[in-house]
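Whatever order the structure lists ligands and atoms in, that order sets their numbers, starting from 1. The figures that follow rest on heavy atoms only: side chains count, while hydrogens, waters and symmetry mates do not.
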Amino acid sequence: MLPFTGNPLDRKAEMRVNRSWIAQRLHDPSSQILPLQQHAPLFSGNDKALQVQFLSPTLCEPLPEDACIFLGEVGGRAFFAFDMAALDVAAQNRISVLGTFQELRAAAPLLPPEELAIAAQAKALTDWHAHNRFCSRCGAATFPGAAGSKRDCPSCHTEHFPRLDPAVIMLVTNRDRCLLARNAKWTPDFFSTLAGFVEPGESLEEAVRREVYEEVGLRAGRVRYFASQPWPFPAALMLGFFAECDSDVLTLDENEIAEAHWLAKADAADLLDGRTAGRRGPAPHAIAHYLIRTWVLGQ
Ligand SMILES: [Zn+2]
């Protein structure tokens, strides 16, 4: 299963609009509450293995009820998240000693899969709330609704729902070789697949073909869907594809792609497994890693 997927929580859309049910669950001693500071979740553990540090409601007193986001429920326990910015400094200091806040992207490889998926949901939602405090239609201040699953504008009555940015990410292949590139913004040793955001008015397949042509000048033939992955940095949904190309003649967009190379399967496997001197490939928690690995294994 792809990292960031496999969230075990039942999001209970029918119950999160019920304020009294949410309030009761929020104060239930069994409930699990995750604080995030500047979108970094609270963790316990060490540099070998981390756990998400959920807190009981009493440890978070006074609970910032309006800022608590209901994530869902599993095994009879409700899960919530909140942004530490909702607390005063004294309350922030009391919580800060109960674990360490760490950036989720760096912590991801050290977390159990289900906890990573829950933390990703919490990070995505607290990030979205923090950046949507004003109505995009009329400019008035907005407020959380439905236990944090939306924001409401009291002025023009528009409901705002969390947005995702769909991004296509594709492994370009030419018979028995695949194309790995280095983005001009990346470190000189890092190579990965091509990727780009889907633009208004195009299908996913059209976005794949456009990005491949823009970045490396190839016309993709068959485009085959692989899998998708939530990527809350800040709000992407990665949509993985294989894109087959008949030509191998590259014309790079030098503003975006610093270099690109065709790799045979053995060389791609070496890159993924850290056996290529001076070069590294995408980390195991990224869908790019799975795209390359799947192609190497012939699946
Ligand atoms: Zn408004």
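For the pair D176 and K265, the salt-bridge criterion is not met [side-chain N within less than 4.0 Å of a carboxylate O]. Comment: R210 engages E214 in a salt bridge, judged by a side-chain N to carboxylate O separation of less than 4.0 angstrom. In this structure, E61 does not pair ionically with R94, as no charged nitrogen and carboxylate oxygen lie closer than 4.0 Å. Look at K150 and D152 and you find a salt bridge, because one of the NZ, NE, NH1 or NH2 atoms lies within 4.0 Å of a carboxylate O, short of that distance.
Inside a sphere of radius 2.8 Å centred on the Zn ion (ligand 1), the protein N/O/S atoms present are C135 SG, C138 SG, C153 SG, C156 SG.
Stacking of R219 on the aromatic ring of Y213 is recorded, both the 6.0 Å distance cut-off and the 45° axial limit being met.
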Anything under 3.5 Å between a donor and an acceptor, one on a side chain of residues 71-91, the other on a protein residue two or more places apart or in another chain? List them.
{"residue": "E73", "atom": "OE2", "partner": "R25", "partner atom": "NE", "Å": "3.2"}
{"residue": "E73", "atom": "OE2", "partner": "R25", "partner atom": "NH2", "Å": "2.8"}
{"residue": "D83", "atom": "OD1", "partner": "A85", "partner atom": "N", "Å": "2.9"}
{"residue": "D88", "atom": "OD1", "partner": "A90", "partner atom": "N", "Å": "3.3"}
{"residue": "D88", "atom": "OD1", "partner": "A91", "partner atom": "N", "Å": "2.8"}

